[in-house]
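As C-alpha cells, the structure follows; a few thoughts come after it.
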Amino acid sequence: MAKVLMKGNEAMALAAIKAGCDAFYGYPITPQNELPEYLSKHMALNGRVFVQSESEVAAINMVYGAAGAGARALTSSSSPGIALKQEGISYMAGAELPGVIINVMRGGPGLGGIQPSQGDYKQITRGGGNGDYYLYSLAPESLQEAVDLIKESFDIADYFRNPVMIAVDGLIGQMMEPVTFDNETPKWELEPKTWAADGNRSNREKNIINSLYLDPLMLEKHNLKLKAKYDVMRDKHQRYEMINVKDAEIVIVAYGSMARIARTSIEILAEKGIKCGMIRPITIFPFPDKAFRKLQDSVKNILVVEMSTGQMLEDVKIANECERPIHFYGRVGGIVPEAEEVVSQVLKIIGGEDNA
Amino acid sequence: MKRITIISGHYGSGKSEISVNLAINNKIDYLVDLDIINPYFRSRGLADLLEEKNIHLVESTIKGMTGSDLPYISGEGVVPFVNPDITAIYDLGGTENGARVLIQFLDRVKDLNEIDFLCSVNIFRPETADVKGILDTIAMYEAETQLKITGLINNTNLINETEEVDLIRGEEILKEVGKKLNIPIVYTVVEETKKNFNHEFLGERITLIRYIAKKYL
C-alpha cells in the first residue's frame with residue numbers, strides 16, 4: 001500500500017489493526033474520538049472485537065480481561081479519561097498483563113479543555129495508579145512515527161507483559177499527514193502466552209490472573225520481579241533522537257508535537273548562525289538519560305520546551321547531573337508554542353538574559 | 001460561481017481550507033462554519049482574518065468558544081437562504097452527522113438553481129480512493145441532506161508530497177464519477193507551493209493557501 005492521507009486518530013487506529021489488535025474497548029472523549037469511531041467500523045470488518053463500554057473504568061477492566069485471556073487489547077482516551085483508567089492500569093501492571101493504551105492529551109487539570117497539552121507527563125511516567133510500577137511509554141512526533149510505534153507497541157507489551165502507553169497530544173490526534181503502513185518495524189521475540197487464562201481444559205495447571213499477594217514476602221518478591229523488568233527497560237530500551245547536536249552551543253529537549261515545532265526553531269536559528277541542537281525523547285519512560293552523556297563540551301545550555309508548566313523538566317535535571325544550566329519554556333491551557341517563541345527564548349539564553 | 005456554495009466531503013478532504021480560500025478569492029459576504037464534527041482546525045478560528053477581508057464569519061453564538069466541545073451554530077446561518085442579496089459559502093462537517101446539519105435550512109430554499117452543493121475529494125483518503133468509494137460517499141451525503149451533489153472538487157493531495165501525476169490520477173477517477181452522476185469537476189485545488197504544475201486541470205483552479213493549518217504542521 002502506498003502512502004495515504006490520514007488524520008492522526010484514524011492512522012493510530014489502523015496501525016493497531018495492522019499490529020494484530022484483537023479487541024478495543026473505549027469510551028468517547030475529545031480530541032481522540034475519531035480513533036474509536038474508526039475502529040467501531042473497521043474492527044468488525046476485520047473480524048475483531050469493538051466495544052464502546054459504559055465508562056473508562058469499564059473499558060480498562062475489559063482490556064484487563066481480554067489481555068488475561070491472551071488477546072491483544074487496546075484502549076484509548078484523552079487526559080481526564082486516562083486518569084479514570086489508572087486503577088485498571090495499576091492492576092494490569094500488577095497482574096503482568098500486556099495491553100496498549102493511547103492517550104491523546106488535552107489540557108487539565110480536571111476537565112481542563114479540549115485543546116492540545118503535554119500535561120500528563122508525570123501521570124504517564126510516574127505510574128498514575130497505586131504501587132511500584134511503570135509503563136513503557138512512547139511519544140511519537142509525527143503520524144508516521146505514531147503508526148510505526150503502535151505497530152511495534154503490542155509486541156513490546158507482550159514482551160514485557162506490561163502495559164505500553166502511547167503518549168501523544170491533541171495535535172497529533174487531529175492533524176492530517178501522509179502515512180504508509182508498510183514500514184518494517186522491529187520484531188520482538190515473543191514466548192507463547194502459556195500464562196493466559198484462555199479456557200484451555202487440557203491437563204496443564206490452571207492459570208490465575210491476579211495482583212493480590214497477601215504474604216508480604218511473596219509481594220516483595222513480586223515487586224522485585226517487576227522492578228527487574230523496569231531496569232531492563234531503562235538499561236536496554238531507551239529511545240531518543242539526537243538532532244543537530246554536533247558542535248551545538250545550546251540543546252533543546254522536547255518530545256512529541258513540541259519537538260516537531262522545535263525542529264523549525266532550529267532551522268530559524270541556523271539561519272541566524274546559531275548552532276542549536278535537540279534531544280528528542282521517543283521513550284518518556286524510560287527517560288533517555290544516556291543521550292545527555294553523549295553531549296559535547298560545546299553545549300553550554302539546555303532548554304526544555306513543553307506544553308506544560310515543566311514536567312519533563314525534572315527528568316532532564318536528573319539526567320543532566322548538574323552538568324549544565326537548564327532553562328525552561330512552556331505554554332499551557334491548550335496554546336501551542338510557535339517556533340518563533342522558542343527562537344526568542346534561545347536568543348535570550350545566549351544573550352545572558354535568562355539565568356537558569 | 002452560484003450565490004450559495006455548500007462544500008461537503010469526508011473529514012480531511014480539505015473542506016475548510018477550500019471554503020476559506022474561495023470566500024477570500026471571490027469576496028463572498030458570509031462564510032458559515034457548519035462543522036460540528038472537528039474539534040480542531042476549523043474555519044471558526046479565523047474570525048479576525050476574515051473580518052479584515054469583509055467576510056462575515058457565522059460560527060458559535062458564544063464568543064471565544066473555539067475550545068468548546070459543544071460547537072453551537074448561530075441562527076444567523078439561515079440568513080443567506082432568506083436574503084437573496086447575500087453570497088455565502090457553507091463549510092460542512094465531515095461524516096453523516098456533519099451533513100445532517102444542513103437540513104434545517106432547506107425549507108427556506110426558494111430556488112435550487114442558486115445553490116451549488118459540491119463534494120471535495122482527495123483520492124489519498126482511503127474512503128474515497130476509488131470510484132466506488134466516492135460514489136458511496138456522495139450517496140451518503142445526498143441521503144442525509146436530501147440535496148443532490150451538483151459538482152466535484154478535485155483536492156487530491158499528500159500535502160507537501162503531492163505530485164502533478166497524483167492530481168491527474170485524481171482527475172481521471174473524478175471524471176468517471178462525474179460521468180456516472182452527470183456532474184462536472186468544478187474546481188481543482190493546487191497548493192500554492194505547487195504552482196509549477198502546468199497541467200490544464202478541469203474546472204477552475206484554486207491556488208490554495210493554508211490559512212488554518214499552521215506552517216509547522
Side-chain angles (χ1 to χ4, degrees), chain A residues 1-11 14 28-34 37-38 41-42 78 104 106-107 111-116 141-144 169-181 257-265 267-268 333-340 342, chain B residues 9-17 35-42 44-45 64-71 93-98 120-130 133 136 140 155-163 165-167 169-170 189 191 210 212-217:
Chain A
M1 193 164 104
K3 279 194 176 178
V4 288
L5 188 68
M6 289 188 92
K7 194 168 190 168
N9 285 328
E10 294 176 322
L14 181 53
I29 183 171
T30 307
Q32 63 86 56
N33 284 325
E34 296 84 356
E37 184 189 14
Y38 186 92
K41 180 174 174 189
H42 291 267
S78 177
V104 185
R106 59 186 248 181
L111 270 177
I114 62 169
Q115 299 296 321
E141 66 163 346
S142 67
L143 268 51
Q144 188 62 59
D169 61 71
L171 270 186
I172 302 272
Q174 291 296 323
M175 72 168 67
M176 311 268 314
E177 257 184 334
V179 284
T180 171
F181 293 84
S257 296
M258 206 52 252
R260 179 188 185 100
I261 295 162
R263 282 179 189 273
T264 310
S265 310
E267 283 170 24
I268 299 172
I335 294 168
V336 180
E338 307 229 354
E340 288 76 11
V342 180
Chain B
H10 204 277
Y11 58 64
S13 64
K15 295 179 298 296
S16 294
E17 296 279 18
D35 187 351
I36 58 159
I37 301 297
N38 267 319
Y40 295 12
F41 304 123
R42 298 190 295 212
R44 47 185 76 180
M65 289 299 276
T66 43
S68 172
D69 225 349
L70 295 167
T95 79
E96 50 270 53
N97 299 320
S120 173
V121 177
N122 179 358
I123 59 159
F124 285 112
R125 297 285 292 142
E127 297 79 1
T128 54
D130 54 20
D136 287 351
M140 181 274 285
N155 185 31
T156 296
N157 78 89
L158 274 176
I159 310 183
N160 296 329
E161 298 172 32
T162 319
E163 292 185 27
V165 289
D166 299 328
L167 271 156
R169 194 161 63 86
V189 181
E191 301 238 11
R210 286 185 181 266
I212 298 169
K214 291 187 182 166
K215 262 189 299 191
Y216 54 74
L217 300 176

Taking C-beta and beyond as the side chain, do B:Glu127 and A:Glu10 meet within less than 4.5 Å on heavy atoms? yes

Could you check whether any side-chain heavy atom of A:Glu37 comes within less than 4.5 Å of a side-chain heavy atom of B:Thr95, counting everything from C-beta outward?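 Yes - at least one pair of side-chain heavy atoms lies under 4.5 Å apart.
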
If you count heavy-atom pairs within less than 4.5 Å of chain B, which of A:Pro116, A:Gly107, A:Gly334 leads? A:Pro116

Check salt bridge (charged side-chain N to carboxylate O under 4.0 Å, His left out) between B:Glu161 and all other residues, then give those that pass, not counting sequence neighbours.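 Once residues adjacent in sequence are excluded, the partners of B:Glu161 under the salt bridge (charged side-chain N to carboxylate O under 4.0 Å, His left out) criterion are A:Lys3.
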
Pairing residues for A:Tyr38 by the ring pair (Phe, Tyr, Trp, His ring centres under 6.0 Å) criterion, not counting sequence neighbours: A:His42

Heavy-atom closest pair, residues A:Pro178 and B:Leu158: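 Closest approach of A:Pro178 to B:Leu158, heavy atoms only: CG-O, 3.2 Å.
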
Which atoms form the tightest heavy-atom contact between B:Tyr40 and A:Pro31, and what is the distance?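 Result for this residue pair: OH-CG, 3.4 Å.
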
Are the side chain of B:Arg125 and the backbone of A:Leu5 linked by a donor-acceptor contact shorter than 3.5 Å? yes

Which portion of B:Asn160 sits near chain A, non-hydrogen atoms under 4.5 angstrom: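 No part of it gets close to chain A.
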
